[in-house]
Structures are given as C-alpha cells and as structure tokens.
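Working notes for the structure below.
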There are 2 protein chains.
Amino acid sequence: MLSAVTTDAMPLDRRRRRRLETIEEVLDVAVEIMTEQGVAGLSIGEVARRMGIRPPSLYVYFASKEAMYDALFERGARLVLEHVRAATADIDTDDRTTEAIMLDAAASFVRWSVEHPAYTQLLFWRPVPGFAPSAEAYAPAVELVALMNDRLTVLQRRGLLRADADIDLVQRDWTVLISGVVSQQLSNAPDEPFDSGAFTSRLPTLVAMFCDHYNSPARGNRNARKR
Amino acid sequence: MLSAVTTDAMPLDRRRRRRLETIEEVLDVAVEIMTEQGVAGLSIGEVARRMGIRPPSLYVYFASKEAMYDALFERGARLVLEHVRAATADIDTDDRTTEAIMLDAAASFVRWSVEHPAYTQLLFWRPVPGFAPSAEAYAPAVELVALMNDRLTVLQRRGLLRADADIDLVQRDWTVLISGVVSQQLSNAPDEPFDSGAFTSRLPTLVAMFCDHYNSPARGNRNARKR
DNA sequence: GTCTATATGACGATAGAC
DNA sequence: GTCTATCGTCATATAGAC
C-alpha cells in the first residue's frame with residue numbers, strides 16, 4: 001500500500017522534474033542561438049534542430065515563441081538579480097572606501113553583462129519587434145531596481161554617500177554609468193574580455209568620478225557642491 | 001540643335017533626380033516603420049504597402065533588404081555627423097566654461113538620439129541579425145569619432161581640459177556617459193521628450209561630474225588628481 | 001519603372017496518429 | 001511526448017509582360 005503510493009507518486013515527480021529539465025535545456029539552447037545570431041534571430045525551428053527534435057514538440061513546453069522569450073526574460077532577470085544580490089550582500093559591513101565598494105559592485109554587474117550579451121540585450125534593449133515581457137517575467141527586474149535602491153540607501157545611512165543626495169537620482173546616474181559602459185563595450189567590441197575591454201577598463205575612472213561627486217564631504221571629498 | 005541637347009540631357013537629369021527622390025521616400029518610409037515596429041521589424045512588403053506600390057518595384061532602387069539597411073545606416077551616420085559638427089562648430093571661439101560647452105554638446109547629441117530612436121538603434125546597437133554595415137556606410141561613423149577627437153583636442157589646447165589627459169581615454173569616458181543616457185532613456189522611457197526625460201534631465205549633473213574630473217586645474221577644479 | 005505572376009523558402013502554429 | 005503532415009502567412013527575390 002505504502003509502496004503503491006510511492007510508485008504512483010514518484011513517477012509523477014520524475015515526469016515533472018524531467019519536464020523542467022527539458023525546459024531548461026530549451027532555454028539553454030535558445031540563449032546559445034541568441035548569442036550567435038542576435039536576440040531577434042531566435043527561431044523555434046533552430047532550437048528544435050539543435051535539440052534533435054521536431055519543431056511541434058516544443059509546443060509541449062511553450063505555448064508560443066513569445067512565451068519562450070518571456071521565460072528567457074524572466075530567467076535572465078533572476079540571474080542578474082541574484083548575481084547583484086550576492087555581489088553586494090556584505091554592503092552593510094564592508095569597511096572599505098565608497099569608491100572600492102562601488103567599483104566592485106559595478107565591475108560585478110558589468111562583467112556579468114558582457115559575459116551574457118544575449119540576456120543583456122533582451123533585458124535592457126528592445127531587440128524583438130512586438131515582444132514585451134509579462135508582469136511575472138518583469139517582476140525580478142523590478143526587484144533589481146529595488147535592491148539597488150536599498151544598497152545605495154545603506155551606503156548613505158553609513159555616511160558613505162552625501163546625506164543630502166536624492167537616492168533616486170543617485171541611482172539614475174549610477175545606472176547611466178553602468179549601462180553606458182556595457183552598451184559601448186557590447187556594441188563596439190563585444191568580443192573583448194571584461195578584464196581588457198576598451199570600455200570595461202574605464203570603470204575605475206568612471207566610478208571615481210561618480211564617487212567624487214556623491215561622496216560624503218565628511219569622508220574627504222574635496223569637491224562638495226550641491227546639485 | 002542646342003535645344004535638342006537640352007531636351008536630350010534634361011530628361012535624364014530629371015529621371016535621376018526623380019530616382020533619388022524616390023530613394024529618399026523609401027528611406028523615409030523605412031525609418032517610419034522601424035520607429036513603430038522596431039529596427040528588425042522592417043519589411044520590404046510593408047514599405048511597398050505604405051508607398052502604394054508592389055514589393056518587386058522596390059528592387060529597382062535597392063538590390064536587397066540588406067542594401068536598404070546599409071543605406072539607412074549611412075544616412076543616419078551622416079545625419080548625426082552633421083548634427084554634431086554643426087552643434088560644435090564654434091568650439092574654438094566659444095568663451096563659456098568647459099562645463100557649459102560640454103553640456104551643450106552632450107544635449108545636442110542626446111536630443112538627436114532620442115528624437116531619432118530608429119537611427120540610434122540601427123547605428124549604435126546591433127538589432128538586425130546578420131546585418132553589418134559596409135565600409136562605405138560606416139565611413140561617416142568613423143568620421144564622427146574623428147570629429148569628436150578633434151573637438152576634444154581643441155578644448156585641451158585651449159586649456160579647458162587637463163593638459164595631462166589622454167584624449168582617447170577622455171573620449172571613451174565621454175561616449176560612455178552619452179550612450180548611457182541615451183540607452184537608459186530609450187529602453188526605459190522611450191516616449192518621454194528630451195526636455196523632461198528621467199535620464200536626459202540628468203545630463204547637467206553627469207556632465208558636471210565629467211568636467212570636475214577632466215577640467216584643467218588652472219581653471220578652478222578643486223579636485224585635481226591624476227588617474 | 002511598374003506591374004503580374006511566381007519561385008522559393010522560412011516561419012509559427014495546429015491536428016491528429018502513435 | 002513525440003512524431004508526420006499540413007495550414008496559413010509572410011518574407012525575399014526573380015522573370016517577363018506592358
């Protein structure tokens with residue numbers, strides 16, 4: 001009886017696990033294709049070809065091509081969210097300078113972005129005509145914005161950012177810097193590695209500019225004027 | 001006899017003029033479509049439909065869809081090149097501060113970019129799978145880089161930028177700022193006008209950061225450290 | 001230069017057998 | 001869940017009449 005329960009239940013679990021594994025494989029292959037051909041170059045047929053199955057079989061896992069893009073968007077947003085979360089987890093105890101803390105955070109994000117160009121394009125540009133992510137897929141992206149806001153607020157409370165700075169504006173300026181580096185690197189020299197990229201290597205200087213502006217004056221900024 | 005020459009020659013000129021006008025009209029319609037549907041959403045059929053002709057007729061003017069993209073790339077690059085050239089033409093006599101000069105230059109470029117999102121995406125991102133501009137189409141883009149380098153060199157010679165700054169690095173940092181603003185504005189709030197955009201309105205602060213860093217110390221920068 | 005007609009093919013998606 | 005078969009649509013591109 002008890003074994004009957006397990007033999008009834010376990011295959012179901014296995015099937016669901018197997019199904020999820022297949023979905024993951026589909027998404028892996030899709031990312032591979034987008035990386036090679038560009039995000040808008042993804043096609044159901046090419047995914048099936050590389051998986052050794054026929055195109056209609058994919059409709060068991062995704063209702064449409066747009067649903068596949070949606071899953072890719074959500075996956076990418078989750079990945080980058082967790083990446084940033086992990087890279088900035090110790091921000092409330094990190095006793096280095098503002099500049100060192102910010103540079104590490106920036107480098108972590110930019111590295112991930114240039115090493116995952118397909119996700120980056122899908123998440124931060126608009127390369128697919130007609131595609132807009134669903135609210136569910138967009139949720140982790142919203143959370144990322146909130147997380148960055150939290151992190152900056154912590155820095156400000158610790159006295160590492162000017163007390164009179166508006167965190168929303170700080171965040172906007174910060175994202176301009178970061179996305180500028182990513183955008184320039186990916187569109188002008190996508191094959192250069194992060195460590196020696198013509199634009200990624202400008203991060204120290206750019207972060208220094210930023211910190212000189214937003215540093216707390218008490219912490220030694222010699223150029224404290226309000227804007 | 002003389003009139004025979006003119007009646008022979010003039011129609012040819014008119015035909016060539018008419019042909020060029022038609023080509024311009026095709027490109028106008030193509031930009032319209034790319035603006036609405038995304039750059040990768042351009043299709044020959046839709047261009048023909050909006051022009052009230054049949055798709056095959058377009059092949060009289062463009063050998064392929066890629067040739068059309070190529071013409072659009074070149075046109076966009078020429079437009080932005082001339083726009084920047086005009087906006088910075090008086091840089092060797094402009095007697096305002098570095099910050100004022102740079103802010104105007106930045107605003108001019110960013111305004112053009114957000115008001116011409118189709119060209120911007122085609123020129124500065126890579127939204128069309130398989131398309132790469134020809135050397136001819138790319139030429140004005142190369143010239144734009146050279147022009148910006150010239151302008152920055154003039155500023156440095158006039159003592160408005162640190163004498164010890166490497167202009168190539170200054171230019172890279174500058175393009176990061178500019179492209180960051182454009183990228184963030186277009187991907188997060190493409191419909192906001194330049195004057196009230198969440199990111200375009202950050203330009204004064206961002207340019208100030210930049211100038212505080214690269215300003216000539218003699219001109220009153222209180223934060224002169226070398227990087 | 002524009003048209004009709006057509007070649008050719010890819011694509012997304014569905015129906016239904018197994 | 002996978003397949004074959006197929007639909008419908010759209011696309012780029014060419015041939016040849018007018």
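Below, each value reflects all heavy atoms present in this structure, side chains not excepted, and no hydrogens, waters or symmetry copies. Order of the sequence lines fixes the chain letters, A, B, ..., with proteins taken first and strands second; residue numbering starts at 1 for each chain.
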The contact string for nucleotides 4-18 of chain D, one letter per nucleotide 5' to 3', using protein heavy atoms under 4.0 Å with B, S and - for base, sugar-phosphate only and none, comes out as BB-----SSBB----
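Qualifying salt bridge (Lys or Arg N to Asp or Glu O under 4.0 Å) partners for A:E74, counting only residues two or more places apart in sequence or in other chains: A:R78. Among residues two or more places apart in sequence or in another chain, the salt bridge (Lys or Arg N to Asp or Glu O under 4.0 Å) test is passed with A:E24 by A:R75.
Among pairs with a residue in residues 165-188 of chain A, those fulfilling ring-ring contact (aromatic ring centres under 6.0 Å, His included) read A:W174-A:F210, at least two apart in sequence or across chains. Among pairs with a residue in residues 40-72 of chain A, those fulfilling ring-ring contact (aromatic ring centres under 6.0 Å, His included) read A:Y69-A:F131, at least two apart in sequence or across chains. For the salt bridge (Lys or Arg N to Asp or Glu O under 4.0 Å) condition, the pairs that include at least one residue of residues 111-120 of chain B, sequence neighbours left out, are B:R111-B:E115, B:R111-B:D195.
Residue contacts for B:F62: at a heavy-atom cut-off of 4.0 Å it reaches no nucleic acid atom on any strand shown.
Rounded to an integer number of Å, the gap from OH of A:Y61 to P of C:dT14 is 17 Å. In this structure, A:M51 atom CE and D:dT2 atom C1' are separated by 12 Å, rounded to whole Å. Distance, A:L58 CG to D:dC3 C1': 13 Å, rounded to whole Å.
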Test B:E66 against B:S64 for side-chain hydrogen bond (donor to acceptor under 3.5 Å, both in side chains), laying out the working first. CA-CA 5 Å; B:E66 196 171 317; B:S64 68; 5.8 Å; no
